[in-house]
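Input: a single structure, listed below in structure tokens.
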Amino acid sequence: MMPTVTKNLIIINVLLYLGTIVAQSYGIDLADYLGLHFFMADGFNPAQLITYMFMHGGFTHLFFNMFAVWMFGRILEQVWGPKRFLFYYILCGIGAGLISLLVAYIRIRAVEVGMSPEAIATVYQEGAEILQTHRNYVAPDMATLNALLNTVTVGASGAVYAILLAFGMLFPNQQLFIFPLPFPIKAKYFVIGYALIELYAGFANNPNDNVAHFAHLGGMIFGFILIMYWRKKSNGHGTYYN
């Protein structure tokens, strides 16, 4: 039997994905309402720090995230219990969103240094409407600023990466078969490898890469801090919390 929280998380994500498809047929973009906007953009709402993690950009995005929730999340829920697992999932998802906003802010300020005040004002005033028509500015700095300012972040990946981290910390020597590797790999090396890949991809900052790599790392960072806090708190009561 699938644990309650794991099952309901998957159900909610699937329902919202189907709802997104239905809404699109009526000309409504749910991702624009529930996805995470940059905090200086007109479309930002603090509630998006929670709602964004239940939205997905496509079936593949949804499938692999929910597969990871089913594969690893159900084990964590059985170990931690439903309340602690849900708290961990939501908090790490929020943390991933906050890290993503912080990195976007740093990059925006770096881009604006080389721009004129007029060009910056133009992007802030017109940029969102231009992106909605699947276009962008010809000038590289204006195009970069517009993408950073008005691109919406969606997906449970930050919370999912936190789940992967937790599994690696709780069961570091568990053998996993990861496609396409022809041999098993320990969970701790799997998690470290994924973190290094995300770190490299985040700093590479490929303009053609629309994946929020620092959001993934943000989920892992918040997950690590929370698990270490729980361990310390548990040790203070005479027991060790794995």
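What you see is a predicted model; the values in this text were computed from it and never measured. Index from 1, following the sequence.
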Donor-acceptor check, side chain of [X] to backbone of [Y], threshold 3.5 angstrom: yes or no?
X: Tyr88; Y: Ala162; value: yes
X: Tyr52; Y: Gly93; value: yes
X: Ser25; Y: Val22; value: yes
X: Gln48; Y: Tyr33; value: yes
X: Thr20; Y: Leu16; value: yes
X: Arg231; Y: Ile227; value: no

Whether [X] and [Y] hold their rings parallel, tilted or perpendicular, with breakpoints at 30° and 60°:
X: Trp230; Y: Phe87; result: tilted
X: His216; Y: Tyr161; result: parallel
X: Phe72; Y: Phe190; result: parallel

Any [X] side-chain heavy atom under 4.5 Å of [Y] side chain:
X: Gln175; Y: Lys186; value: yes
X: Phe54; Y: Leu34; value: no
X: Phe222; Y: Ile99; value: yes
X: Leu170; Y: Ile75; value: no
X: Val69; Y: Asn65; value: no
X: Phe38; Y: Val152; value: no
X: Leu164; Y: Phe167; value: no
X: Phe214; Y: Arg107; value: yes

Applying the 4.5 Å side-chain criterion to the ILVMFWY set and letting contacts propagate, would [X] and [Y] be lumped into a single cluster?
X: Ile108; Y: Met142; result: yes
X: Leu149; Y: Ile106; result: no
X: Ile50; Y: Ile10; result: yes
X: Met2; Y: Leu76; result: yes

- Task: Locate the shortest heavy-atom distance separating Gly223 from Leu165; write the atom from each residue and the value.
- Result: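 Taking Gly223 first and Leu165 second, the nearest heavy atoms are C-CD2, 3.6 Å.
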- Task: Please report the shortest heavy-atom distance between Gly155 and His61, naming the atom on each side.
- Result: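 Smallest heavy-atom distance, with atoms named: CA-CE1, 3.6 Å.
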- Query: Above 12 or not: heavy atoms from other molecules or residues under 6.0 Å from CG of Asp42?
  - Reply: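 Incorrect, the count does not exceed 12.
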- Message: Looking at Phe44, I want to see if its CZ is surrounded by more than 12 non-hydrogen atoms of other residues, nucleotides or ligands under 6.0 Å.
- Response: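 Check passes, neighbour count above 12.
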- Task: Inspect the contact between Arg109 and Glu112 and indicate whether a charged nitrogen and a carboxylate oxygen are less than 4.0 angstrom apart.
- Result: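 Here Glu112 pairs with Arg109 in a salt bridge, since their nearest N and O are under 4.0 Å apart.
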- To the nearest 0.5 angstrom, please state how far the CG atom of Leu101 sits from the CE atom of Met40.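 Separation between the atoms: 12.0 Å.
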- Message: Between Met169 and Met228, does the side chain to side chain contact (heavy atoms under 4.5 Å, CB included) criterion hold? Intermediate values first, please.
- Response: CA-CA 10 Å; Met169 292 183 69; Met228 294 306 294; 3.8 Å; yes
